[in-house]
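For reference, the structure is listed below as structure tokens.
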Amino acid sequence: MNTNQNEKVRCLIIGSGPAGYTAAIYASRANLSPVLYEGIQPGGQLTTTTEVENFPGYPEGVTGPVLMEDLRKQAERFGTDIRVGIVTQTDLSEAPYKVTIDGEKIIEAEAIIIATGATAKYLGLADEQKYAGMGVSACATCDGFFYRKKVVAVVGGGDTACEEALYLSSLASKVYLIVRKPYLRASKVMQERVLNNPKIVVLFEHNTVGLFGENGVEGAHLVKRIGEPDEENVDIAIDGFFLAIGHKPNSDVFRPWIDTDEIGYIKTIPGTPKTKVPGVFAAGDVADPHYRQAITAAGSGCAAAIEVERYLSEIGK
Ligand code: NDP
């Protein structure tokens, strides 16, 4: 590859969720001429949610897609160069750092903000693949519409699972919530809403071991109290199977160069978005195992852009 063909940028932002767009707003207002690559899911995870009620500044709430469109417009207004593309390889061994887009184009960046977010996890059952797009989904708000007046199951016991179960209960005739522990991990308010919803049946201490159906999901094989002496096989008839068991941070492409924890969350210097590579910063869910909120992601994107500005001025770029 002839390096003369590489495009040089001062500030490269990877990801288009609240962290990426907020970083872009700050970086463009600081005249850093940021280039932002949207990644696999333009707008990030919020584009798959309905109502966002906890983002400050929207007293009546806002839908996820509208919020992300607003953030995008704000970044564009100040001149961010927003592009379609996915990072397929990185070389962070020395500055300027080399980032390959879509396996072809190489960007040489003086500073990078990694804001690649996290992706929904699956149980790892072969049947999840078999029935992909035929009754298996990791996004109730994307696919719930197809299950009006039908029976669905949601797997998980956290806030996401409760939120998805509640959302689906407004469409489906019945919602099973399959929880592997004898309790929900979700916040008290969400637990109460779920437990008081007549359409939601919570199956505590149940694990899913398979799905069945001729031309799509028709049911799930569950095991109650798996591994215990009173273990019991339970089959439920369902039309849709929704995963809500957490997320995996999208950090693999950076792993050779920066530290992550055992799950893959990028490790930053505590209280800062700095990774161990000078000029490479991480913001949003990819580096946040604790809060994972749109507003905390936006805040860390802001901090990362401010750090880029300081870094570039220190190195005279
Ligand atoms: P969490 O990690 O909080 O919960 C994951 C859930 O999935 C747990 O109940 C876990 O069970 C279960 N689980 C994980 N792996 C498996 C498996 N292999 N089989 C069966 N069950 C499994 O993830 P969430 O996505 O729910 O939430 C992430 C963060 O986002 C949290 O901090 C949450 O509070 C926040 N959030 C906030 C919202 C809001 O405020 N409106 C909405 C959504 C999320 P176990 O408990 O046994 O580990």
Side-chain angles (χ1 to χ4, degrees), residues 17-19 41 44-56 58 61-64 67 117-129 136-142 144 153-170 175-195 197 200 202-211 220-228 231 234 236 238 241-250 261-265 284-300:
Q41 189 175 38
Q45 289 181 72
L46 273 187
T47 55
T48 66
T49 56
T50 43
E51 205 65 10
V52 179
E53 293 179 336
N54 51 12
F55 199 89
Y58 293 91
V62 60
T63 68
L67 174 59
T119 303
K121 282 201 289 198
Y122 285 77
L123 295 170
L125 302 172
D127 286 342
E128 289 170 321
Q129 305 276 343
V136 173
S137 167
C139 178
T141 45
C142 315
V154 177
V155 185
D159 279 318
T160 304
C162 289
E163 205 172 64
E164 307 251 286
L166 288 164
Y167 174 73
L168 287 167
S169 73
S170 65
V175 180
Y176 290 105
L177 184 60
I178 305 169
V179 184
R180 66 180 175 182
K181 292 222 174 104
Y183 55 84
L184 293 168
R185 186 200 286 208
S187 54
K188 274 276 170 285
V189 58
M190 293 302 267
Q191 291 193 26
E192 276 164 22
R193 280 186 204 168
V194 162
L195 295 170
N197 187 309
I200 301 177
V202 185
L203 300 175
F204 287 110
E205 293 185 271
H206 281 69
N207 275 272
T208 312
V209 292
L211 301 168
H221 299 299
L222 312 181
V223 180
K224 186 177 180 185
R225 289 179 58 74
I226 201 163
E228 299 298 325
E231 173 181 301
V234 178
I236 54 170
I238 51 169
F241 183 75
F242 290 85
L243 284 310
I245 59 168
H247 293 82
K248 179 186 179 301
N250 299 317
D261 70 8
E262 65 283 359
I263 300 171
Y265 287 101
D285 284 13
V286 73
D288 177 10
H290 301 295
Y291 305 112
R292 293 178 284 191
Q293 299 300 299
I295 189 64
T296 51
S300 67

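When a ligand or atom number is given, it counts from 1 through the structure's own listing order. Because the structure is predicted, anything quoted here is derived from the model rather than measured.
- Looking at residues two or more places apart in sequence or on another chain, you find a side-chain contact (heavy atoms from CB on, under 4.5 Å) between L125 and L123, E128, T208.
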Just do the side-chain contact (heavy atoms from CB on, under 4.5 Å) check on I295 and N54 with the steps written out, would you? CA-CA 8 Å; I295 189 64; N54 51 12; over 6 Å; no

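- Remark: K248 NZ is packed, more than 12 non-hydrogen atoms of other residues, nucleotides or ligands lying under 6.0 Å away.
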Test side-chain contact (heavy atoms from CB on, under 4.5 Å) on L184 and F204; report intermediate values, then the result. CA-CA 8 Å; L184 293 168; F204 287 110; 3.9 Å; yes

Just list the N/O pairs, ligand 1 to protein, that are under 3.5 Å apart, with the distance for each.
{"residue": "ligand 1", "atom": "2 (O)", "partner": "R185", "partner atom": "NH1", "Å": "3.3"}
{"residue": "ligand 1", "atom": "9 (O)", "partner": "G157", "partner atom": "N", "Å": "2.8"}
{"residue": "ligand 1", "atom": "9 (O)", "partner": "G158", "partner atom": "N", "Å": "3.3"}
{"residue": "ligand 1", "atom": "11 (O)", "partner": "R180", "partner atom": "NE", "Å": "3.3"}
{"residue": "ligand 1", "atom": "25 (O)", "partner": "T160", "partner atom": "OG1", "Å": "2.6"}
{"residue": "ligand 1", "atom": "26 (O)", "partner": "D159", "partner atom": "N", "Å": "3.3"}
{"residue": "ligand 1", "atom": "26 (O)", "partner": "T160", "partner atom": "N", "Å": "3.0"}
{"residue": "ligand 1", "atom": "26 (O)", "partner": "T160", "partner atom": "OG1", "Å": "3.1"}
{"residue": "ligand 1", "atom": "34 (O)", "partner": "D159", "partner atom": "OD2", "Å": "2.5"}
{"residue": "ligand 1", "atom": "41 (N)", "partner": "E163", "partner atom": "OE2", "Å": "3.2"}
{"residue": "ligand 1", "atom": "46 (O)", "partner": "R185", "partner atom": "NE", "Å": "3.2"}
{"residue": "ligand 1", "atom": "46 (O)", "partner": "R185", "partner atom": "NH2", "Å": "3.3"}
{"residue": "ligand 1", "atom": "47 (O)", "partner": "R180", "partner atom": "NE", "Å": "2.9"}
{"residue": "ligand 1", "atom": "47 (O)", "partner": "K181", "partner atom": "NZ", "Å": "3.0"}
{"residue": "ligand 1", "atom": "48 (O)", "partner": "R180", "partner atom": "NH2", "Å": "3.1"}
{"residue": "ligand 1", "atom": "48 (O)", "partner": "R185", "partner atom": "NH2", "Å": "2.4"}

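- Taken from CD in E205 to CD in E228, the straight-line distance is 7.5 Å, to the nearest 0.5 Å.
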Steps toward side-chain contact (heavy atoms from CB on, under 4.5 Å) verdict (R292, H247): CA-CA 10 Å; R292 293 178 284 191; H247 293 82; 5.5 Å; no

